[in-house]
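Structure, as structure tokens:
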There are 2 protein chains.
Amino acid sequence: MAFYGNQAEVRTEAKLRVQDAPRECHVGVCRAYGKRHAIFRQGDKAGHLYRVESGAVALEILLEDGRRQLVEILLAGDLFGFAVDGSFEETAIALEATVVCVMRQCDLERTDAVGWEVAHQTGRQITRAHDQLMALGRKNAQERICQLLLRFARDIGDRPCAEPGGGPEPIRLHVPLTRGEMGDYLGLSLETVCRTMSALKQLGVIAIGPRQGDVTILALDEVRRRAG
Amino acid sequence: MAFYGNQAEVRTEAKLRVQDAPRECHVGVCRAYGKRHAIFRQGDKAGHLYRVESGAVALEILLEDGRRQLVEILLAGDLFGFAVDGSFEETAIALEATVVCVMRQCDLERTDAVGWEVAHQTGRQITRAHDQLMALGRKNAQERICQLLLRFARDIGDRPCAEPGGGPEPIRLHVPLTRGEMGDYLGLSLETVCRTMSALKQLGVIAIGPRQGDVTILALDEVRRRAG
DNA sequence: CGCGGAATTGACTATCATCAAAGTTTGTGG
DNA sequence: CCACAAACTTTGATGATAGTCAATTCCGCG
């Protein structure tokens, strides 16, 4: 399949090493971004589509008065860069060391067959956005946070530390978001995120640390139940 | 263009008359739905794409405990029915007398060129979902309601009652949502919607009535400013 | 005219935001 | 390897916005 294929040019930026970088992409160019670097900004002229090769990207919207909302978190394989009137409504930021494949939209659109691939991708993203709307509109802080943890557990969690007794296995995962960013994604203040995480820890549902960003899910079914 | 074309079969349901019904669509079938009738339900097997020909459709998600969130409001021209794992995550409901064109996905996908049309549509819907995420995550009740009013003003508002003095023209519009539905879309209780609408009325920014669902925007710039 | 759903308004409550003050990690440079 | 600064996290006290419960009024339709 032309869209998911082949070799490409590579440029490194920030502190990424080349071996962290490109898988491959036919019609595009791979670029590496360091933590918190912008890939494009609100208002920039559009014209490219982007795919996350590795790492994680957040799309954020800023209001004039400084209010901030992360509207999407993208992981490996996800497409982004859809624009409506030729310019981006959102800023895309690498959440960690990240490699992105950049493809010129006009090149892509010359290949009809790719259209449906993109449509399926965007369909999935719409569904995810709708889930998030349910969370922000109707769920409380604990439910929102459990839902976010599950998202990372599904997409990047590993299950190494199996219990000998056959009990539920802890899931260790690394959340590449600060408390403030979690709040900006979940529509909460960073303090509420902290307090809610602490409460889940007290309940024995999760463990925090040892490093910043590390979370261990101790009771997956409890997290599921609380995510609603 | 094959996708936006041609003649089709028509079925009428509820109280819709035939002349309210179909424009045309090549690969699909037009159906008419009465107020509050479901087009498909959460959990139904997917396999079709739908386009609003006239009227308005809401997509809703229900939680087991009864909490409800309207995640999208679709007007004429909008596509819906994207599913991830072969079944719908959402229920689609006609907000008023509505005609929908139903197209089999496998038929559509035989035409490569249509893929990009769908992709552009879904791209627009993603942007709209992201705006709504900003609203639910970071905006207060007044801002959310002003944003919703602007959405209807842009898409269906007419500007008939021009001021003789050349002042700002009132915009009369009909919102096909009850207060409760507005709340379910905006992540608010129906009482908060009521109170906020009343406050905007007291401020002289809008007028309400004479019928249920009627709203007149008296000061468009004020609504814009408050929408953020 | 009268019934039922929708809208409005009031009183009280709860969740979450804000302000503030420590305490931890992380990364850098000597 | 240690020290220090900056960024991030945690916890507490207080307040504001919006939710819930309830009573009344209004509109739409038979």
Side-chain angles (χ1 to χ4, degrees), chain A residues 14-15 34-37 63 65-69 93 95-97 135-146 148 174-203 206-215 226 228, chain B residues 14-15 34-36 63 65-69 95-97 135-146 148 174-203 206-215 226 228:
Chain A
K15 297 180 187 172
K35 214 177 201 176
R36 264 80 214 179
H37 278 231
L63 256 37
D65 61 7
R67 279 177 289 180
R68 182 177 186 241
Q69 178 70 40
I93 291 186
L95 290 172
E96 52 190 357
L136 299 202
R138 292 302 184 201
K139 291 185 179 176
N140 64 25
Q142 195 176 77
E143 293 171 313
R144 295 183 205 183
I145 284 177
C146 286
L148 179 62
H174 184 79
V175 179
L177 300 171
T178 66
R179 296 288 184 263
E181 289 167 336
M182 291 174 68
D184 286 340
Y185 183 59
L186 299 173
L188 300 169
S189 69
L190 72 89
E191 294 92 334
T192 297
V193 174
C194 262
R195 274 188 261 269
T196 307
M197 298 278 286
S198 297
L200 289 170
K201 189 176 81 174
Q202 288 306 315
L203 291 166
I206 64 172
I208 295 174
R211 297 184 173 190
Q212 283 181 181
D214 288 348
V215 177
R226 286 160 203 271
Chain B
K15 296 180 187 171
K35 215 178 201 175
R36 265 78 212 180
L63 256 38
D65 60 8
R67 280 178 288 178
R68 183 177 185 242
Q69 178 70 40
L95 290 172
E96 54 190 357
L136 299 202
R138 292 302 184 200
K139 291 185 180 177
N140 64 24
Q142 196 177 76
E143 295 171 311
R144 295 183 205 184
I145 284 177
C146 286
L148 180 62
H174 184 79
V175 180
L177 301 169
T178 66
R179 295 288 184 263
E181 289 167 335
M182 291 174 68
D184 285 341
Y185 183 59
L186 299 174
L188 301 169
S189 69
L190 71 90
E191 294 93 334
T192 296
V193 174
C194 262
R195 273 187 263 268
T196 308
M197 298 277 286
S198 296
L200 289 169
K201 189 175 82 175
Q202 289 306 316
L203 291 166
I206 64 172
I208 295 175
R211 296 184 172 193
Q212 283 180 182
D214 289 347
V215 177
R226 286 160 203 273

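Throughout, protein chains are lettered first and strands after them, A, B, ... in sequence-line order, and every chain is numbered starting at 1.
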Classify every nucleotide of nucleotides 7-17 of chain C by which part a protein heavy atom approaches to under 4.0 Å, writing B for the base, S for the sugar-phosphate alone and - for neither, in 5'-to-3' order.
SBBBB----SS

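Within the structure, every pair that satisfies the salt bridge (charged side-chain N to carboxylate O under 4.0 Å, His left out) test and touches residues 182-201 of chain B, not counting sequence neighbours, is listed here: Arg138(A)-Asp184(B), Arg68(B)-Asp184(B).
The NE2-C1' distance, from His174(A) to dT26(C), rounds to 12 Å in whole Å. Taking atom CZ of residue Arg36(A) and atom P of nucleotide dT26(C), one finds them 13 Å apart after rounding to whole Å. Taking atom CG of Leu186(B) as the reference point, atom C1' of dT17(D) lies 16 Å away to the nearest angstrom. Atoms CG (Asp214(B)) and P (dC26(D)) sit 18 Å apart, rounded to a whole Å.
Residues Thr196(A) and Ala141(A) share a closest heavy-atom pair of OG1-CB, 3.8 Å.
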For the pair Gln212(A) and Thr178(A), evaluate side-chain contact (heavy atoms from CB on, under 4.5 Å) and give the outcome as yes or no after the intermediate values.
CA-CA 8 Å; Gln212(A) 283 181 181; Thr178(A) 66; over 6 Å; no

Trace of the side-chain contact (heavy atoms from CB on, under 4.5 Å) decision for Ile145(B) with Val193(B)
CA-CA 8 Å; Ile145(B) 284 177; Val193(B) 174; 4.1 Å; yes

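Checking side-chain atoms of Gln69(A) against main-chain N and O of Tyr185(A) turns up a donor-acceptor pair under 3.5 Å. Under a 3.5 Å cut-off, the side chain of Arg144(B) and the backbone N or O of Ala135(B) do form a donor-acceptor pair.
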